[in-house]
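Report on the following structure.
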Amino acid sequence: MATTAVLALALTACDGGVHGTPGGSGLRDAYFPKAGNGGYDVTHYGLTLAYDPHHRRLTGTARITARATKDLSAFDLDLKGLTVQGVTVEGQRARFQRAGQELTVRPHDELDKGETFDVTVTYSGTPQTLTDPDGSKEGWLYTADGALALGEPVGSMAWFPGNDHPSDKAAYDIAVTVPKGLQAVSNGELKSTTTSGDRTTYRWHTAEPMASYLAMVAIGNFKITRSVLKNHLPVYAAVDPTQEAASRAVLAKLPGIIEWEEYNFGPYPFSSTGVVVERGEDAGYALETQNRPVFPGAPGTRTLVHELAHQWFGDSVTPASWRDMWLNEGFATYAEWLWEEDHGGPSAQETFDALYRGEDENVDPEELWAFPPARPSDAAHISAHPVYERGAMVLHKIRQKVGDDAFYDIVQGWAAAHRHGNATTAEFTAYVERKAPGKDFGEIWKDWLYGDGKPAHP
């Protein structure tokens, strides 16, 4: 018995009592296979950042609270560039290594499935501006008076470590320290502003779950406007002074747009709203960053409608993978059509017909029918016309099939059923069929949502 006990002890010592496995790098997303990581689910990010625009230096501490979804001997975080000074897990120093965008962490003690744990990463350096497959820029964008951090689809890893995939949403607290005289704007609500010497710290809190690609920081000189809507929703607008005059008229429409979208889509899903308007050269696109969309210069009314509609479709109901991107863009584009229909413009049917006939001067007909909205051809085309306009056409076909009353029940019910969650295309089609029993959607799914080429009949 003594010999057996010694042998068992020796075997335990040899294998270290290992029972967990590495979490895995990448979630095998169809378009960004390295994005995200396996083995855990993040519940909260606490980011403490300091930025020096003159030297373009970012210093950060990320405290991440997560739950292990399996027994873990190691796990990965996404982080592109920057230098990691140290990592702790549950307060104990952890070994780590870097390979490309992967930061692999080996905790001192293994993590059990179901265990909640804290990992803290300290890091610094010059954050990178990333180039997407479609040629657009994201990550950390340098501006004339500061910086703009945008993350769709994978740019968040340029400024903080995390599980950078839309399927893992979390609450955020983001504190940004900048030189006195500059502002730092982020998601959610501004909780405090404190100045010490020549530095000012802005602390922002986002309680509702947010995908990493929707996190945002804008640093610079802004004209700040605060107001409250009739539904008691606070509005925080930050506008570059060079864009203030051009933005005034369209931003005055924001209360009416929110009211109209609540009427059509259901209650606004977050605890605040607003905008960030940068200079036109600071970013080549508008983005639906949560609570507070970002615009490159003064937006048009339709663009403001589009990005605010994303607060329901994309931000609250977030795609489970990048293959489901049309659930974001199809809904937001159709919101534009509905707005025009309700405000003296063409009806949604007229917009649909013009697209089908190739008469929309802003959409190349060949591009429109290049691939189906639910199956983008590759990562470079997840933001192409079929995802936007043909995605909207799918929604219009559903509206034709079920009628207006049932259609708006579907839209509002979908937003409510997946509020603050994730969803797939398969879940959407199943939901539509449940809400409209007896209706045959086979042709819509086969020809309009998944089918190649232009359907034979509009």
Side-chain angles (χ1 to χ4, degrees), residues 260-267 269 305-306 309-310 312-314 316-321 323-342 345-357 360 363 368-376 385-458:
W260 176 85
E261 291 186 337
E262 283 198 309
Y263 178 80
N264 286 283
F265 308 145
V305 168
H306 182 107
H310 272 310
W312 284 261
F313 308 108
S316 176
V317 185
T318 303
S321 78
R323 187 185 292 280
D324 303 301
M325 181 77 155
W326 84 275
L327 289 172
N328 293 14
E329 302 302 346
F331 271 98
T333 300
Y334 199 60
E336 295 180 50
W337 297 12
L338 295 174
W339 174 270
E340 291 290 318
E341 182 174 82
D342 287 351
S347 68
Q349 184 64 55
E350 289 170 327
T351 302
F352 179 101
D353 292 340
L355 277 168
Y356 187 82
R357 293 192 297 261
D360 188 324
V363 180
L368 179 63
W369 307 108
F371 57 83
R375 274 207 320 267
H385 287 301
V387 175
Y388 285 65
E389 282 80 14
R390 191 167 165 182
M393 295 175 92
V394 169
L395 296 174
H396 189 69
K397 294 296 291 184
I398 295 171
R399 182 183 175 191
Q400 287 179 320
K401 174 73 71 173
V402 303
D404 278 9
D405 289 346
F407 175 74
Y408 285 105
D409 283 346
I410 289 171
V411 170
Q412 293 180 18
W414 174 251
H418 293 275
R419 183 182 175 95
H420 300 153
N422 294 90
T424 66
T425 298
E427 288 173 322
F428 176 73
T429 57
Y431 182 84
V432 171
E433 291 175 354
R434 287 197 305 273
K435 293 288 284 187
K439 299 289 185 180
D440 182 5
F441 296 93
E443 180 182 351
I444 297 176
W445 308 150
K446 180 174 71 72
D447 296 341
W448 291 90
L449 185 57
Y450 289 107
D452 293 318
K454 182 178 181 179
H457 301 288

Practice task
May I ask you to test the Pro319-Thr424 pair for a side-chain heavy-atom distance under 4.5 Å?
Solution key: no
Exercise for the section: State the CD-NE2 distance between Glu261 and His310, to the nearest 0.5 angstrom. Expected result: 10.5 Å
Exercise for the section: Using atom types as modelled and distance alone, determine if a side-chain donor or acceptor of Tyr356 lies under 3.5 Å from a backbone N or O of Pro455. Expected result: yes
Handout entry: Residue pair Gln349 / Gln400, side-chain donor-acceptor N/O under 3.5 Å
Key = yes
Practice task
Sort out for me which residue in Trp326, Phe331, Trp414 forms a ring-ring contact (aromatic ring centres under 6.0 Å, His included) with Phe313.
Solution key: Phe331
Handout entry: Test item: Lys401 side-chain N/O and Ala436 main-chain N/O as donor-acceptor pair under 3.5 Å
Key = no
Handout entry: Distance (rounded to the nearest 0.5 Å) between Leu395 CG and Lys397 NZ
Key = 12.5 Å
Practice task
Give, for atom NZ of Lys435 and atom CD1 of Ile410, the distance between the pair rounded to the nearest 0.5 Å.
Solution key: 7.5 Å
Exercise for the section: Compare all side-chain heavy atoms of Phe371 with those of Pro376 and state whether any distance is below 4.5 angstrom. Expected result: yes
Exercise for the section: First locate atom OG1 of Thr351, then atom NE2 of His396, and finally report the distance between them rounded to the nearest 0.5 Å. Expected result: 8.5 Å
Practice task
State, to 0.1 Å, how close Ala309 and Ala335 come at their nearest heavy-atom pair, and which atoms those are.
Solution key: CB-CB, 3.7 Å
Practice task
Please assess Tyr388 against Glu336 for the test side chain to side chain contact (heavy atoms under 4.5 Å, CB included), listing each intermediate value before the final yes or no.
Solution key: CA-CA 11 Å; Tyr388 285 65; Glu336 295 180 50; over 6 Å; no
Problem - Donor-acceptor pair, side chain of Gln412 and main chain of Tyr263, under 3.5 angstrom - result: yes
Practice task
Ignoring hydrogens and angles, tell me if any N or O in the side chain of Ser316 forms a donor-acceptor pair with the backbone of Pro269 under 3.5 Å.
Solution key: no
Practice task
I would like to know whether Tyr450 and Val394 meet side chain to side chain contact (heavy atoms under 4.5 Å, CB included); could you show each step before the answer?
Solution key: CA-CA 10 Å; Tyr450 289 107; Val394 169; over 6 Å; no
Exercise for the section: Establish, from distance only, whether the side-chain atoms of Glu427 and His418 form a donor-acceptor pair under 3.5 Å. Expected result: no
Exercise for the section: Give a yes or no on whether the backbone of Ser347 and the side-chain of Glu350 come within a donor-acceptor separation of less than 3.5 Å. Expected result: yes
Problem - Pairwise distance CZ(Arg390) to NZ(Lys454) - rounded to 0.5 angstrom - result: 11.0 Å
Problem - Residue pair Thr425, Asp324: steps toward the side-chain hydrogen bond (donor to acceptor under 3.5 Å, both in side chains) verdict - result: CA-CA 6 Å; Thr425 298; Asp324 303 301; 2.9 Å; yes
Fill in the blank from the handout: Distance col, row Asp342:CG vs Asn264:CG, nearest 0.5 angstrom, shows 6.0 Å
Show me the donor-acceptor pairs, under 3.5 Å and distance only, between side chains in residues 437-449 and residues at least two apart or in other chains.
{"from": "Asp440", "atom 1": "OD1", "to": "Gly442", "atom 2": "N", "distance (Å)": "2.9"}
{"from": "Trp445", "atom 1": "NE1", "to": "Glu433", "atom 2": "OE2", "distance (Å)": "2.8"}

Problem - Heavy-atom neighbours of Asp405 CG exceed 12 at 6.0 Å - result: no
Exercise for the section: Taking the side chain as every heavy atom from C-beta outward, state whether Leu327 and Val317 have any atom pair closer than 4.5 Å. Expected result: no
Handout entry: Donor-acceptor under 3.5 Å (Thr333 side chain, Gly330 main chain)
Key = no
Exercise for the section: Would you confirm whether the ring centroid of Tyr334 sits within less than 6.0 angstrom of the ring centroid of Trp337? Expected result: yes
Problem - Sidechain N-carboxylate O distance under 4.0 Å for Arg399, Asp404 - result: yes
